[in-house]
Colleague: 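Okay, handing you the structure first.
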Amino acid sequence: MATGRSPTNIAVIKYWGKRDEALILPVNDSVSVTLDPDHLSATTTVAVSPAFSADRMWLNGKEISLSGGRFQSCLREIRRRARDFEDEKKGIKIKKEDWEKLHVHIASYNNFPTAAGLASSAAGFACLVFTLGKLMNVKEDHGELSSIARQGSGSACRSIYGGFVKWCMGNKDDGSDSIAVQLADEAHWKELVILIAVVSSKQKETSSTSGMRDSVETSPLLQYRAQTVVPSRMLKMEEAIKNRDFKLFAKLTCADSNQFHAVCLDTSPPIFYMNDTSHRIISLVEKWNHSEGSPQVAYTFDAGPNAVLIARDRKTAALLLQKLLYYFPPQDKDLSSYLVGDKSILTDAGL
Ligand code: ADP
Ligand code: DP6
Ligand code: CO
């Protein structure tokens with residue numbers, strides 16, 4: 001049995017669109033920030049036993065089907081790299097070739113809303129690959145693990161690393177160069193505080209997978225974004241992170257979130273991930289940034305209504321929290337909780 005924990009990550013330059021559905025190869029590079037695992041992470045336990053007659057998985061306590069290609073790809077790729085395992089104390093010996101015949105039982109829990117636009121698929125598949133690898137004594141490096149996690153969910157390849165991470169789209173047909181690399185580690189930009197406002201923890205109506213498939217098929221804006229906008233934004237974003245240039249970082253982050261949601265609107269039929277509360281949060285931040293004359297907070301929204309707010313420092317984060325509580329008072333006091341950590345503050349305030 002092995003247990004692992006992986007954090008989620010939030011993209012500041014978004015991945016939206018695949019050029020290869022089976023291998024999960026994206027149409028553009030992307031950049032993300034990996035969050036603090038204490039607040040947003042998946043915890044997965046994988047057990048193996050000769051008594052198990054099939055591979056099975058439970059997500060948040062409910063059994064789910066493993067028949068989808070993504071789970072199968074991750075299991076296959078990890079089993080292919082499995083090595084001999086021996087625990088003399090417990091008298092356990094598993095030969096490399098035996099892993100193919102042994103079935104696994106997997107139990108995973110997310111400590112944040114699943115399928116609500118907070119990248120549960122990223123934490124989930126990164127954790128699955130990492131934990132299966134640990135169990136089966138896989139010795140592959142982070143790059144290789146990221147390319148396996150990518151085949152579970154694209155965004156998962158970035159959760160293999162902490163800090164700021166870039167997913168290079170690559171250009172090979174077999175996807176071997178479509179991997180994540182770390183741009184800067186957790187210690188690089190310590191002043192930043194990430195605050196997540198859970199606008200709704202409901203499961204989204206359109207999954208990221210089907211939403212981006214529809215966008216690739218129908219949105220002319222997506223082609224323009226992938227070919228013309230993102231390549232130059234990537235260069236600027238890497239510079240902004242390297243130089244801890246908050247002004248540039250915030251400008252690019254907000255613009256990229258807005259363009260991603262514009263692509264969703266440009267899709268036929270249009271996809272609405274944000275709601276009125278999301279729009280009001282954008283207005284609040286835009287007005288505040290404008291009144292200060294320079295950005296204090298950056299906002300970004302994944303495929304869901306929940307706001308990810310990045311404050312330039314702790315003082316700004318405290319002010320931001322104050323403003324959020326004032327303009328969006330928690331509706332149900334019993335449900336509201338504010339978890340304040342070093343790097344992230346999670347509010348489940350039913351905004
Ligand atoms: P999100 O915005 O939360 O990433 P997606 O639509 O991209 O939403 O993905 C949700 C799917 O990710 C779930 O239906 C499930 O298949 C998978 N998933 C979520 N959490 C986990 C987990 N801990 N382990 C394995 N798979 C997970
Ligand atoms: C908006 O990685 O969830 O969060 O590869 O089909 O599993 P699949 O999609 P997924 O898409 C993430 C989209 C996004 C932006 C991002 O994380 O870059
Ligand atoms: Co996802």
Side-chain angles (χ1 to χ4, degrees), residues 4-35 40-46 57-71 73-75 106-132 149-159 165-167 169 175 178 180 198 200-216 230 253 256-257 259-261 263-264 271 273-274 300-306 308:
R5 184 166 76 148
S6 300
T8 183
N9 72 74
I10 298 295
V12 290
I13 300 287
K14 307 284 185 198
Y15 143 56
W16 195 252
K18 299 180 182 71
R19 62 181 200 277
D20 184 314
E21 286 265 345
L23 287 171
I24 310 199
L25 302 177
V27 293
N28 57 259
D29 293 343
S30 54
V31 176
S32 60
V33 193
T34 298
L35 301 183
L40 288 99
S41 59
T43 301
T44 302
T45 298
V46 189
M57 172 157 184
W58 291 261
L59 175 56
N60 300 324
K62 261 177 104 182
E63 181 156 17
I64 60 163
S65 164
L66 283 180
S67 61
R70 290 153 173 242
F71 286 106
S73 299
C74 293
L75 281 162
I106 305 161
S108 186
Y109 284 89
N110 297 326
N111 64 0
F112 65 100
T114 300
L118 290 171
S120 67
S121 64
F125 279 99
C127 199
L128 180 68
V129 166
F130 176 81
T131 314
L132 278 171
R150 189 201 74 227
Q151 295 173 58
S153 174
S155 52
C157 74
R158 298 184 310 235
S159 269
V165 185
K166 172 182 176 182
W167 174 11
M169 61 182 282
S178 189
V198 180
S200 166
S201 52
K202 271 208 239 96
Q203 193 165 335
K204 57 186 142 186
E205 278 169 33
T206 311
S207 71
S208 300
T209 308
S210 73
M212 71 174 81
R213 188 183 299 131
D214 291 350
S215 295
V216 167
V230 175
T253 298
D256 205 69
S257 172
Q259 188 174 71
F260 153 54
H261 289 277
V263 167
C264 292
I271 312 165
Y273 282 126
M274 292 196 284
T300 185
F301 295 73
D302 263 3
N306 301 311
V308 177

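Each ligand, and each atom within it, is numbered from 1 in the order the structure gives. The analysis underlying the following values was restricted to heavy atoms, covering all of them including side chains, and did not include hydrogens, waters or symmetry mates.
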Colleague: Return the closest protein heavy atom for atom 19 (C) of ligand 1 as residue, atom name and distance.
Modeller: S120 OG, 3.3 Å
Colleague: For ligand 1, note which part of S207 has a heavy atom under 4.0 Å away: side chain, backbone, both or neither.
Modeller: both
Colleague: Return yes when R70 approaches ligand 1 closer than 4.0 angstrom through a heavy atom, no otherwise.
Modeller: no
Colleague: Can you tell me if A303 has a non-hydrogen atom under 4.0 Å from ligand 1?
Modeller: no
Colleague: Quick one: does ligand 1 sit under 4.0 Å from the side chain of L118, the backbone, both or neither, non-hydrogen atoms only?
Modeller: backbone
Colleague: Can you find a protein heavy atom under 4.0 Å from atom 13 (C) of ligand 1?
Modeller: no
Colleague: Counting heavy atoms only, which part of S121 comes closer than 4.0 Å to ligand 1: side chain, backbone, both or neither?
Modeller: both
Colleague: Protein heavy atom under 4.0 angstrom of atom 7 (O) of ligand 1, is there one?
Modeller: yes
Colleague: Between the protein and ligand 2, which nitrogen or oxygen pairs come in under 3.5 Å, and how far apart is each?
Modeller:
residue, atom, partner, partner atom, Å
ligand 2, 2 (O), S153, OG, 3.0
ligand 2, 2 (O), S155, N, 2.9
ligand 2, 2 (O), S155, OG, 2.6
ligand 2, 3 (O), S121, OG, 3.0
ligand 2, 4 (O), D302, OD2, 3.1
ligand 2, 5 (O), Y15, OH, 2.6
ligand 2, 5 (O), G154, N, 2.7
ligand 2, 6 (O), K18, NZ, 2.7
ligand 2, 6 (O), R70, NH2, 3.0
ligand 2, 6 (O), T209, OG1, 2.8
ligand 2, 7 (O), R70, NH1, 2.8
ligand 2, 7 (O), S153, OG, 2.7
ligand 2, 17 (O), R158, NH2, 2.8
ligand 2, 18 (O), Y15, N, 2.9
ligand 2, 18 (O), R158, NH1, 3.0
ligand 2, 18 (O), R158, NH2, 3.1

Colleague: What part of A123, side chain, backbone, both or neither, has a heavy atom within less than 4.0 angstrom of ligand 1?
Modeller: neither
Colleague: List every atom of ligand 1 that sits less than 4.0 Å from any heavy atom of A115, numbering the atoms from 1 in the order shown and giving each element.
Modeller: 1 (P), 3 (O), 8 (O), 10 (C)
Colleague: Among L128, L59, N60, find the one that has a side-chain contact (heavy atoms from CB on, under 4.5 Å) with S108.
Modeller: L59
Colleague: Which of the numbered atoms in ligand 1 are under 4.0 angstrom from any heavy atom belonging to A42?
Modeller: 23 (N)
